[in-house]
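To find a chain, count down the sequence lines: A is the first, B the second, and so on, and within it residues start at 1. Just so you know, these numbers use all the heavy atoms, side chains as well, and skip hydrogens, waters and symmetry mates.
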Amino acid sequence: MVRVEFLGPIGLAPREVEARSLKELAKELSKDPEVKKWLSECAVAVNDKIVKDIDTPLKEGDKVALLPPVCGG
Amino acid sequence: MVRVEFLGPIGLAPREVEARSLKELAKELSKDPEVKKWLSECAVAVNDKIVKDIDTPLKEGDKVALLPPVCGG
Amino acid sequence: MLELYPGELDVDKIFAKWRAWGEDKNYGAFITFVGTVRQEDDIEGLSFDVYEPILRSWFDSWQQRARERGAVLRMAHSIGNVPVHTSSYMAAVFSPKRRVALELIEEFVEDFKANAPIWKYDLKGGQRIYARDRSQKIEGSGLLDNPQ
Amino acid sequence: MLELYPGELDVDKIFAKWRAWGEDKNYGAFITFVGTVRQEDDIEGLSFDVYEPILRSWFDSWQQRARERGAVLRMAHSIGNVPVHTSSYMAAVFSPKRRVALELIEEFVEDFKANAPIWKYDLKGGQRIYARDRSQKIEGSGLLDNPQ
């Protein structure tokens, strides 16, 4: 299981998902329309590091964060 | 007569010079080696406005300033 | 060198603290950027969410880049509500010479806008409304959308 | 908006004064540049001559350029002696948006270095030595040299 956190304005509670790679996680998350609609504009961090490879493997206990569009300052 | 001021590090007292243009003034100032050595690196202001034309006319009472290389800050 | 504060920043106090920190370190140039909440669209203020772990690693990587050029960065940001005409963001560069400081403050502030994990909301009529249209997708966004 | 002070600048006080001036004017960005005297070559400090009439007209023409972009400039400079590790120069830009502020502070500070009528001296062993090698000829220099 990995823990998925939805940051900032997404406003959903964290959830535990069974996935051994980001690709598997993407398929799982796409099943929920409330999450699905954010996927096209979110960056992804695994254990607080932004990743850009959909084949990134996941292991038990990993933390995945979805980061919607930002605007600091 | 025009009044010539030597700014910053030149360290010479102001002087009154007879000249009806910057070109005439240049000839007068070149006669003094103490002034001559600064001319190649000085900008020139007439009545506190930087000028770039050697044919600029001068009239009685004009103030000409010589500005050596600057370094503010 | 990264400071987070609840609510608006005490700009004068932070400036004076930073300046005093730098004064015996022989930096010739010290530039600060202050971002202040503008009155527009009838907002009462802005509000911010910050994701601190990634903000810190983003900032640390910038600190490393600055250090390679002999400079040091500092930054302060608000969390939560910040009223109109008060400040939510400060950034600073200390450097031996002015060129590096002028270049770094620009690069740092622009990358901050594009990549720092901070979310902005308008405060309007008691509501907290995500400023979606002024927000930027972080580089690499959309990774999980329709993977092949 | 151009302030000249005998000796070193009280940086915190000037910063706070400028910031307070800007706080109700709806500027979103406020950038300051502070120039501080570095310890090098065994100097005790720097000293400055300023020719105020041309400095003011130079500054006024920059203020006009800033105004056309919706921004305001401020500047403070020392006259006379400024000890090592204290500050002789401050510049600031207020602007509605950050891009203009980032661009203007750079353009203004660089042009200041090249064209403001200010002369710098090293203070060394009680002497005041013109910093000729760090100085720049103003554009148009040499006009009176060997006219044809």
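Within 6.0 Å of CD on D:Gln127 lie no more than 12 heavy atoms contributed by other residues, nucleotides or ligands. Dense packing is recorded around CZ of D:Arg132, with more than 12 heavy atoms of other residues, nucleotides or ligands lying under 6.0 Å away. Residue-environment remark: NZ (D:Lys124) exceeds the threshold of 12 foreign heavy atoms within 6.0 Å. Crowding of B:Lys49 atom NZ: a count of heavy atoms from other residues, nucleotides or ligands under 6.0 Å not exceeding 12. Few gaps surround CG on D:Asp133; more than 12 heavy atoms of other groups in view lie less than 6.0 Å from it.
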After noting the C-alpha distance and the side-chain angles of D:Leu144 and B:Val44, does the key distance pass the side-chain contact (heavy atoms from CB on, under 4.5 Å) rule?
CA-CA 8 Å; D:Leu144 298 189; B:Val44 181; 3.5 Å; yes
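The candidate with the highest count of non-hydrogen atom pairs below 4.5 Å against chain D, out of B:Ser30, B:Ala26, B:Cys42, is B:Cys42.
Residues D:Leu143 and B:Leu39 have side chains not in contact (no heavy-atom distance under 4.5 Å, counting atoms from C-beta outward). Residues D:Asn115 and B:Ile50 have side chains not in contact (no heavy-atom distance under 4.5 Å, counting atoms from C-beta outward). The shortest side-chain heavy-atom distance between B:Pro69 and D:Gln136 does not fall under the 4.5 Å cut-off.
When all heavy atoms of B:Leu67 and D:Pro117 are compared, the pair lying nearest together is CD2-CB, 3.8 Å. The two residues B:Cys71 and D:Ser135 make their nearest non-hydrogen contact at CB-OG, 3.6 Å. What you find for D:Ile54 and B:Ala45 is that their closest heavy atoms are CD1-CB, 3.4 Å. In this structure, D:Lys113 and B:Gly72 approach most closely via the heavy-atom pair NZ-O, 2.7 Å.
Within the 4.5 angstrom heavy-atom criterion, only side-chain atoms of B:Lys63, from C-beta onward, approach chain D. At a 4.5 Å heavy-atom cutoff, D:Ala131 makes no contact with chain B through either its backbone or its side chain. Heavy atoms of D:Phe33 lying under 4.5 Å from chain B are absent altogether. Both the backbone and the side chain of B:Leu22 come within less than 4.5 Å of a heavy atom of chain D.
Within residues 68-107 of chain D, the residues having any heavy atom less than 4.5 Å from a heavy atom of chain B are, in residue-number order, D:His77, D:Ser88, D:Tyr89. Inspection of non-hydrogen atoms places B:Leu7, B:Gly8, B:Pro9 of residues 7-14 of chain B under 4.5 Å from chain D.
In this structure, a donor-acceptor pair under 3.5 Å is present between the side chains of B:Lys36 and D:Asn146.
Taking the charged nitrogens against the carboxylate oxygens, D:Arg56 and B:Asp48 have no contact shorter than 4.0 Å, which rules out a salt bridge.
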